[in-house]
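As the structure is a computational prediction, the values presented were derived from the model and not from experiment.
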Amino acid sequence: MKITQNRNDSQLVVSVSGRLDSSNADELEQAVSAIDGVSELIFDIAGLEYLSSAGLRVLLVTQRKMNRQGKMIVRGANETVRDIFDVTGFSTILTLE
């Protein structure tokens, strides 16, 4: 998995590519743990090939934090990842673009 971050004032764009699973979900969780002052968080997951339940947990925890301070958008999910969001009900929890 590769993670890149780009912050512009109160907006943070986190791009994730590769496989997000239990072996590396903690890495993403640490990358987004310091989101104080962020009012818009965008996860660009266009390059994400696989998403496990551990990755879903990171997205859920981060969404809960962002509900208190702004908004979170998940952008660019491919068909496979979007199906995972649909089956798990995350498509009703997350803002998908």
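- Heavy atoms from other residues, nucleotides or ligands lying under 6.0 Å from CZ of R7 number more than 12.
- In this structure, CG in L41 is found 9.0 Å from CD in Q5, a value given to the nearest 0.5 Å.
- Between the side chains of D26 and Q30, no donor N or O sits under 3.5 Å from an acceptor N or O.
- Contact of the F90 side chain with the I84 side chain is not registered, since no non-hydrogen atoms from C-beta on lie closer than 4.5 Å.
- Although no hydrogens or angles enter the test, the distance criterion places a donor-acceptor pair under 3.5 Å between the side chain of N78 and the main chain of L48.
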Query - side chain to side chain contact (heavy atoms under 4.5 Å, CB included) between L20 and Y50, worked out - result: CA-CA 6 Å; L20 176 53; Y50 174 79; over 6 Å; no
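- Residues V16 and M1 form a side-chain contact, since some pair of their non-hydrogen atoms from C-beta on lies under 4.5 Å apart.
- Shown here is E97, whose CD atom has more than 12 heavy atoms of other residues, nucleotides or ligands within 6.0 Å.
- In terms of heavy-atom proximity, Q63 sits nearest to T95 at OE1-N, 4.5 Å.
- The distance from atom CG of L56 to atom CG of L51, rounded to the nearest 0.5 Å, is 4.5 Å.
- Closest approach of G55 to A25, counting heavy atoms only: N-CB, 4.3 Å.
- Test L59, L60, V61 against R57 for side chain to side chain contact (heavy atoms under 4.5 Å, CB included) and you get one pass: V61.
- Between the side chain of E29 and the backbone N or O of N24 there is no donor-acceptor pair closer than 3.5 Å.
- Looking only at distances, no side-chain donor or acceptor of N8 sits under 3.5 Å from a matching main-chain atom of Q11.
- Under the 4.5 Å side-chain criterion, counting only non-hydrogen atoms from C-beta, S91 is not in contact with I93.
- One finds no salt bridge joining R19 and E49 here, because no Lys/Arg side-chain nitrogen approaches an Asp/Glu carboxylate oxygen to under 4.0 Å.
- Note: S33 OG to L28 CG = 10.0 Å, rounded to the nearest 0.5 Å.
- The shortest non-hydrogen separation linking I35 to Q69 is O-NE2, 2.6 Å.
- Between the side chain of E40 and the backbone N or O of S10, no donor-acceptor pair lies under 3.5 Å.
- To the nearest 0.5 angstrom, F43 atom CZ is 8.0 Å from L12 atom CG.
- Inter-residue side-chain proximity for M66 and K71 is flagged as unmet; no heavy-atom pair is nearer than 4.5 Å.
- Minimum interatomic distance between I3 and A31 (heavy atoms only, all atoms of both residues): CG2-CB, 4.2 Å.
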Query raised in the report: Where do T92 and F85 land on the side chain to side chain contact (heavy atoms under 4.5 Å, CB included) test, with the steps shown first?
Result: CA-CA 8 Å; T92 61; F85 288 146; over 6 Å; no
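- Put simply, OG on S15 and CG on N6 are 8.0 Å apart, with the number rounded to the nearest 0.5 Å.
- Atoms OG1 and CG, on T88 and D86 in that order, are 8.0 Å from each other to the nearest 0.5 Å.
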